[in-house]
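Report on the following structure.
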Amino acid sequence: MIDLSIIVDGARRIWDMIPQYLRDWSKSEVLKFIRENIPDFFNFCKGKISSLWARITNKKAKEAVDTATSNFLSLNDQIPLDVKKDLFEQITGSQYNPNANITTQGLTEIIRTDEEKKAAAMQMAYLVAVLGQINQKQEAMVKEYVSALKITEELRREIKNELFEAEKEFVRFAEELRRLDEEFKSTSFETAMAKKAADDIIDLI
């Protein structure tokens, strides 16, 4: 069985590299900032997910995973609905459509091949990595999801390798965020200085 920590712990390591003020998903500006400045990050995730599903003809498997991962995202109370929708569709290329009546246990009957299991596991993994921090309800759902997929040891190694590659990409993303953070701080400082100078001139008039 796949170790839950492969998905969750790796994501948290990446999240810690992101500047503190950019970690609040309750603010739409955060998603907007990332999408405008780091489009390659989202394209990397979407490209990976698309390439995994492209080889799979079982459309019911994709639909079931999209519903399950939509349900996973819907459990996060800190993210506004419009941001959830935008985030999900940007990462997965699918429609955000949660359905609380569908449980993760049902995946066992629908997802059977190793390719389907790998695609399903990676779709969840990329979403967790993007969110960085997940609540207890989401963590419990990831456990159920992973258990329902019934992943073999060999497939577990393949998924781990995929995540190592993703981690490298996320590190580049985090480094770029740090650079932009420094740029933002510098610009803010210069703006504050210019404002002070302008105020001083007004005071002299």
Side-chain angles (χ1 to χ4, degrees), residues 1-16 18 23-26 30-31 34 42 45-46 48-50 52-53 56 58-153 155-160 162-163 166-167 170:
M1 198 65 66
I2 187 172
D3 184 355
L4 178 69
S5 67
I6 289 176
I7 290 177
V8 177
D9 291 351
R12 285 175 179 158
R13 281 198 306 276
I14 299 306
W15 193 247
D16 288 340
I18 297 174
R23 297 184 196 179
D24 187 356
W25 283 108
S26 66
V30 176
L31 181 61
I34 293 172
F42 284 93
C45 298
K46 189 173 180 178
K48 281 288 185 180
I49 292 172
S50 295
L52 287 166
W53 286 111
I56 297 167
N58 182 3
K59 299 302 178 190
K60 286 186 177 178
K62 174 62 171 160
E63 288 170 10
V65 169
D66 285 341
T67 301
T69 48
S70 287
N71 287 347
F72 162 77
L73 190 54
S74 73
L75 292 174
N76 192 311
D77 301 325
Q78 300 301 309
I79 307 176
L81 178 59
D82 62 323
V83 178
K84 286 180 188 176
K85 183 177 182 298
D86 204 12
L87 175 64
F88 184 85
E89 293 176 1
Q90 187 77 12
I91 296 295
T92 68
S94 301
Q95 218 174 10
Y96 176 65
N97 190 23
N99 184 341
N101 296 319
I102 297 176
T103 63
T104 53
Q105 284 85 350
L107 294 173
T108 305
E109 300 300 317
I110 301 168
I111 298 170
R112 298 184 177 181
T113 70
D114 278 358
E115 280 199 333
E116 290 167 0
K117 291 176 181 180
K118 184 176 178 180
M122 294 311 299
Q123 179 156 321
M124 179 64 84
Y126 286 128
L127 277 170
V128 173
V130 168
L131 293 176
Q133 295 175 337
I134 59 177
N135 59 38
Q136 288 183 330
K137 289 185 290 183
Q138 287 176 300
E139 194 158 336
M141 184 184 168
V142 173
K143 286 180 184 175
E144 290 176 9
Y145 184 87
V146 167
S147 177
L149 293 179
K150 298 187 183 300
I151 292 169
T152 62
E153 186 60 31
L155 189 55
R156 179 185 182 279
R157 285 194 294 271
E158 284 185 36
I159 290 167
K160 195 172 182 178
E162 286 272 356
L163 283 170
E167 192 166 322
F170 294 146

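Computed from heavy atoms alone, side chains included, the values below leave out hydrogens, waters and symmetry copies.
- Between the CG atom in Leu155 and the CG atom in Asp114 there is a gap of 5.0 Å [rounded to 0.5 Å].
- In terms of heavy atoms, Ala121 sits closest to Ile159 at CB-CD1, 3.6 Å.
- Heavy atoms only, all atoms of each residue included: Ser70 and Tyr96 are closest at O-CE1, 3.5 Å.
- Atom CD of Gln95 sits in a sparse spot, with 12 or fewer heavy atoms from other residues, nucleotides or ligands closer than 6.0 Å.
- Classification of Arg112 and Glu116 as a salt-bridged pair fails, no side-chain N sitting under 4.0 Å from a carboxylate O.
- Looking at Asn58, its side chain does come within 3.5 Å of a backbone N or O of Ile110 through a donor-acceptor pair.
- The backbone N or O of Asp86 lies less than 3.5 Å from no partner atom in the side chain of Gln90, so there is not a single donor-acceptor pair.
- Note that OG1 of Thr104 is 13.0 Å distant from NZ of Lys143, once rounded to the nearest 0.5 Å.
- Distance check, rounded to the nearest 0.5 Å: NZ of Lys117 to OG1 of Thr113 gives 8.0 Å.
- Looking only at distances, no side-chain donor or acceptor of Asn71 sits under 3.5 Å from a matching main-chain atom of Pro98.
- Between Glu115 and Ile56, the shortest heavy-atom contact is O-CD1, 3.5 Å.
- The shortest side-chain heavy-atom distance between Gln123 and Phe72 does not fall under the 4.5 Å cut-off.
- Taking CZ of Arg156 as the reference point, atom NZ of Lys160 lies at 5.5 Å (rounded to 0.5 Å).
- Between the CD1 atom in Ile151 and the CZ atom in Arg157 there is a gap of 13.0 Å [rounded to 0.5 Å].
- Smallest separation of non-hydrogen atoms from Asp77 and Asn135: N-ND2, 4.3 Å.
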Can Asp66 and Lys62 be said to form a salt bridge (Lys or Arg N to Asp or Glu O under 4.0 Å), step by step? CA-CA 6 Å; Asp66 285 341; Lys62 174 62 171 160; 3.0 Å; yes

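- Ion pairing of Glu63 with Lys60 is absent here, as no side-chain N (NZ or NE/NH1/NH2) approaches a carboxylate O to less than 4.0 Å.
- To the nearest 0.5 Å, the span separating CD on Glu89 from CG on Asn97 amounts to 9.5 Å.
- When atom types are taken as modelled, the side chain of Tyr145 and the backbone of Ala120 share a donor-acceptor pair closer than 3.5 angstrom.
- Met122 has its side chain out of reach of Lys48: every pair of non-hydrogen atoms, C-beta onward, lies at least 4.5 Å apart.
- With sequence neighbours excluded, the residues satisfying side chain to side chain contact (heavy atoms under 4.5 Å, CB included) with Lys46 are Ser50.
- A donor-acceptor contact shorter than 3.5 Å links the side chain of Thr108 to the backbone of Ala148.
- Annotation for Ile111 and Val65: closest pair CD1-CG2, 3.4 Å, computed over non-hydrogen atoms.
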